[in-house]
Novice: 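Structure in structure tokens, see below.
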Amino acid sequence: MPDASHPESAPRFPFPIDQQPGRSHHRTVDRIADILEFVARNPQPRGLTDISKAIGAPVSSTQSLVNGLVAAGYLEERDKAFRLGLAPYLLSTLAGSRPVDQVTHEMLEDVVEETGYIAVLASLVGDNVYYLDYALSDPEFEYLAQNRLQRPPLETSAGWAILSGLGHEQVWGILAASESSQETINKFQRWYPDMRATGECVAPGVALNGADGVAVRVESQGVAVASVSVIASTEQITRDADRIIEVLRRHSARWNR
């Protein structure tokens, strides 16, 4: 795996990202997604004013969106408060499987037992990385997984591993729209050929929370669907990276299909 001293003459990302149009967001769609996520994260039904504040939209336009979501079954209203309706669960049932079902919690626990550090299962949702599951109680980093916080994919080892296995157009769009530093984007481009070939990302040193990680791609029929990452402090990852990647390589044979 390349490091910060990787020569500038090394193979770069296949095409310059400044020539690739980023996939644009749609304000209405973004607001609908924000409403559903806000309601899903709250165990108690939330009122219209709470929802409008959470998504940063006027109450009037929020009311219109909420009415439509209730009519379609994505929200349910009780006593002028709203919670998630049955439609999202129906979609999951129709799909017939969880988005990433080949990596079990027990597999993450096995990685923890061998490495001694927190292990997370991450997936790309839209333009952000979410930690879907984790093993080991580590107060310093577990809040990221426990609260399902969104992370910019270029600022996590898990995100780098996932991006390296996506189609070029999707990666180009994410890079072009990224708010990460140009230094980080350039570094990803230098590492990209090796990561795409190996499915591995070892300590990119890009996280902004004092952590670093070692990640391997999770594939289903040759398509990247997630990554498994071991997270610890920069010092710990630097010291134990070789041992961690060896553990992840062995276990990846269990979840790749």
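Note that the coordinates shown come from a computational prediction; the quantities given were computed from them, not determined experimentally.
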Novice: For Glu219, enumerate each residue passing the salt bridge (Lys or Arg N to Asp or Glu O under 4.0 Å) test, keeping only those at least two apart in sequence or located in another chain.
Specialist: Arg217
Novice: If you look only at distance, which donor and acceptor atoms sit under 3.5 Å apart when one is on a side chain in residues 55-64 and the other is two or more places apart or in another chain?
Specialist:
from, atom 1, to, atom 2, distance (Å)
Ser61, OG, Pro58, O, 3.1
Thr62, OG1, Pro58, O, 2.8
Gln63, NE2, Asn67, OD1, 2.8

Novice: Could you tell me which residues satisfy side chain to side chain contact (heavy atoms under 4.5 Å, CB included) with Ala158, sequence neighbours excluded, listed by chain and number?
Specialist: Ala122, Tyr131, Thr156, Ser227, Ser229
Novice: Restricting to side-chain hydrogen bond (donor to acceptor under 3.5 Å, both in side chains), what partner residues turn up for Ser181, sequence neighbours left out?
Specialist: Thr184
Novice: Under the salt bridge (charged side-chain N to carboxylate O under 4.0 Å, His left out) definition, can you give me all pairs with a residue in residues 27-36, not counting sequence neighbours?
Specialist: none
Novice: For Arg254, which residues count as a side-chain hydrogen bond (donor to acceptor under 3.5 Å, both in side chains) partner, sequence neighbours excluded?
Specialist: Asp110, His251
Novice: Return the set of residues passing side chain to side chain contact (heavy atoms under 4.5 Å, CB included) with Ser178 (not counting sequence neighbours), or none when no residue passes.
Specialist: Leu154, Ser180, Ile185
Novice: Taking salt bridge (Lys or Arg N to Asp or Glu O under 4.0 Å) as the definition, give me every residue that meets it alongside Glu114, ordered by chain and number, with sequence neighbours left out.
Specialist: Arg250
Novice: Residues in side-chain hydrogen bond (donor to acceptor under 3.5 Å, both in side chains) with Ser252, at least two apart?
Specialist: none
Novice: How would you list, by chain and number, every residue that makes a side chain to side chain contact (heavy atoms under 4.5 Å, CB included) with Val223, sequence neighbours excluded?
Specialist: none
Novice: Can you run down the side chain to side chain donor-acceptor pair (under 3.5 Å) pairs that involve residues 47-57, sequence neighbours left out, and say none if there aren't any?
Specialist: Arg46-Asp50
Novice: Who passes side chain to side chain contact (heavy atoms under 4.5 Å, CB included) against Glu106, sequence neighbours left out?
Specialist: Thr104, Glu109
